[in-house]
Amino acid sequence: MAQNYYQKEIETMPREEMKKLQSEKLVKQVKHVYENVPYYKKLMDEKGVTPDDIKSIDDLHKLPFLSKADLRDAYPYGLLAKPLDECVRIQSTSGTTGRRVVAFYTQHDIDLWEDCCARAIIATGSSNKDVCQVAYGYGLFTGGAGLNGGSHKVGCLTLPMSSGNTERQIQFMMDLNATILCCTPSYAAYLAESLKEQGYTPDKIPLKAGIFGAEPWTEEMRHGIEEALGIKAYDIYGLTETTGPGVAFECSEQTGMHVNEDHFYAEIIDPDTGEVLPEGSKGELVFTSLDKEAFPLLRYRTRDICVLTRKECSCGRTLVKMAKPMGRTDDMLIIRGVNVFPSQIETVLLNEGYQPNYQIVVDRVKNTDTFEVNVEMTPEKFTDKIGEIIAMEKSLANAMKTMLGINPTVHLVAPKAIARSEGKAVRVIDKRKLI
Ligand code: ADP
Ligand code: ZN
């Protein structure tokens, strides 16, 4: 595929030049936060580091980390680095793992965020000739706003659908010939299911690319969506604390996401010791926003677990690549002492011919963890014969045991019995936390 770039000079910048750019930005940024955010000044003072100690990106490790707890602590204005009258927008996390966090943006911040999303759209081979259906939620959630802005920057005809109302999504997709779909992967899978039910085969669907993110999804799920919709499905990553989607995006190679590292410097650390790990190691992803003005987080611990690589990419971009996050450190369930990621369950389901429509229910009974997985039968696998259902449940439980090392109780339920989410899917119900 011929390569297109939105900001070629940056996206293909030689490593040494990029390092220089990052260093210049970091030196300025550290001064900015030290002088304007008392919360940071205190953290830096406690660690005995001053802006003078930061001369290049190689000094980054000297700075203290910032965690979600700090953000909650400082809510709402404690980390604000610009006067409110210079801010133009607030967005908020979806609150997947607790109290929402708010982030502030100046116009400069919105611009750089939308540029990042524009890079992601162009990297799918799209252009101003495309019709971009944005089915991420609009509002406080960053998904809709970010891709909407990126789509405008590229010059696509933008359909600001927001999430939900599947009938209308399908009608507009068909009537207006949408060629790019932006939404969560779980909603893309749901849309694909609904399109199929209405008799639309992939050749009748005008889409050619999807930009899916905001939640973990597996390779198997990617293949399923690509086949069902007749598209290429690209991953996109981001978090409200850094801006929103577009912090990293996938290119034609589809082997991980290029980090927009002129704006967001990525590190991988050992989540237990905080030590910076070498390229290729699996650990917690940490971001430093190099030139955001209003809410510039330094060394923010995302709790997402992944790997960074600088292997040459066939798309020509030199930006460092992050692997698909495997889940969050706080997504990881510890069941009977064993680490379990929902993504592992999803992989088993897709390998065994099921759809990723499932819910994990964990509880504690008489000091022992119970571990149940509710899985929808697909229309093809559907049966109401008890014997067959029991055999299928056993076989799925065995496959999960092989993957995880512990035995779940699998319940097969009727197709569509598990509530569908229009935003991020709810995969885990952990009742142990309620005790
Ligand atoms: P919340 O933490 O409330 O979900 P956000 O809506 O800002 O807040 O979501 C950011 C998080 O979403 C990331 O930290 C990451 O865990 C997850 N995420 C975003 N994009 C992806 C992606 N492409 N793959 C896996 N996880 C993702
Ligand atoms: Zn690439």
Side-chain angles (χ1 to χ4, degrees), residues 1 3-5 11-12 67-68 71-72 91-103 113 116-117 119-120 122-125 136-137 139-147 163 182-186 188 210-219 221-222 233-261 264 266 284-287 295 297 300-306 309-332 341-343 346 421 423-427:
M1 172 161 103
Q3 292 299 331
N4 285 317
Y5 310 100
E11 293 175 58
T12 61
S67 69
K68 197 132 182 167
L71 265 61
R72 291 189 177 131
Q91 306 273 180
S92 157
T93 59
S94 25
T96 315
T97 54
R99 184 167 152 191
R100 284 169 181 262
V101 158
V102 288
W113 175 25
C116 289
C117 289
R119 289 180 194 174
I122 295 276
T124 68
Y136 283 109
L140 282 172
F141 178 54
T142 53
L147 269 310
S163 56
C182 308
C183 60
T184 55
S186 48
I211 303 179
F212 306 133
E215 64 183 9
W217 52 313
T218 55
E219 264 325 296
M221 191 163 168
R222 185 210 301 265
Y234 298 88
D235 205 353
I236 186 166
Y237 170 90
L239 58 166
T240 314
E241 294 90 321
T242 51
T243 45
V247 169
F249 63 96
E250 222 168 29
C251 63
S252 51
E253 212 180 84
Q254 292 182 298
T255 54
M257 296 172 273
H258 288 288
V259 177
N260 282 311
E261 58 173 324
F264 309 104
E284 182 178 351
L285 187 58
V286 171
F287 279 113
F295 198 67
L297 304 189
Y300 180 65
R301 295 183 60 156
T302 63
R303 301 178 297 174
D304 291 324
I305 300 165
C306 80
T309 160
R310 289 206 172 272
K311 252 192 246 136
E312 206 173 296
C313 189
S314 61
C315 77
R317 286 178 184 79
T318 49
L319 302 170
V320 66
K321 260 161 116 172
M322 61 180 268
K324 229 175 216 318
M326 300 190 43
R328 311 196 203 193
T329 47
D330 52 7
D331 233 16
M332 185 181 78
F341 286 98
S343 59
E346 196 171 305
S421 142
K424 299 193 192 210
V426 180
R427 300 295 194 203

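Numbering of ligands and ligand atoms starts at 1, following listing order.
With a heavy-atom cut-off of 4.0 Å, T240 touches ligand 1 through backbone and side chain alike. Contact annotation: for E215 versus ligand 1, heavy atoms closer than 4.0 Å belong to the backbone alone. Heavy atoms of T142 found under 4.0 angstrom from ligand 1: none, in either backbone or side chain. Residue D304 touches ligand 1 through its side chain alone, judged by heavy-atom distances below 4.0 Å.
Under the 3.5 Å distance criterion, with hydrogens and angles disregarded, no donor-acceptor pair is assigned to the side chains of T142 and Q91. E11 and Y5 share no side-chain donor-acceptor pair at under 3.5 Å.
Between A323 and C306, the closest heavy-atom pair is O-CB, 3.7 Å. Contact detail for N4 and R317: the closest heavy-atom pair is O-NH2, 3.0 Å.
Residue contacts with ligand 1: F212 is placed with no nitrogen or oxygen under 3.5 Å of a nitrogen or oxygen of the ligand (distance criterion only).
Without hydrogens or angle criteria, Q254 side chain to A233 main chain gives a donor-acceptor distance under 3.5 Å.
Ion pair R310/E261 flagged as a salt bridge, since at least one NZ, NE, NH1 or NH2 atom sits closer than 4.0 Å to an Asp/Glu carboxylate oxygen.
Listed by chain and residue number, nothing satisfies the salt bridge (charged side-chain N to carboxylate O under 4.0 Å, His left out) test with R427 (two or more places apart in sequence, or in another chain). Partners of E215 under the salt bridge (charged side-chain N to carboxylate O under 4.0 Å, His left out) rule, at least two apart in sequence or in another chain, do not exist in this structure. Residues satisfying the side-chain hydrogen bond (donor to acceptor under 3.5 Å, both in side chains) test with E219, not counting sequence neighbours, are R222.
For the Zn ion (ligand 2), the count of nearby protein N, O or S atoms, meaning those under 2.8 Å away, is 4.
Ring planes of F287 and Y237: tilted class, angle from 30 to 60°.
The closest approach between K68 and ligand 1 falls below 4.0 Å for a heavy atom of the residue.
Compare P325, P245, A214 by their heavy atoms: the one nearest to atom 17 (C) of ligand 1 is in A214.
Numbered from 1 in the order shown, with element, the atoms of ligand 1 that lie under 4.0 Å from a heavy atom of G213 read 23 (N). The contact set between ligand 1 and F141, taken as ligand atoms under 4.0 Å from a residue heavy atom, comprises 6 (O).
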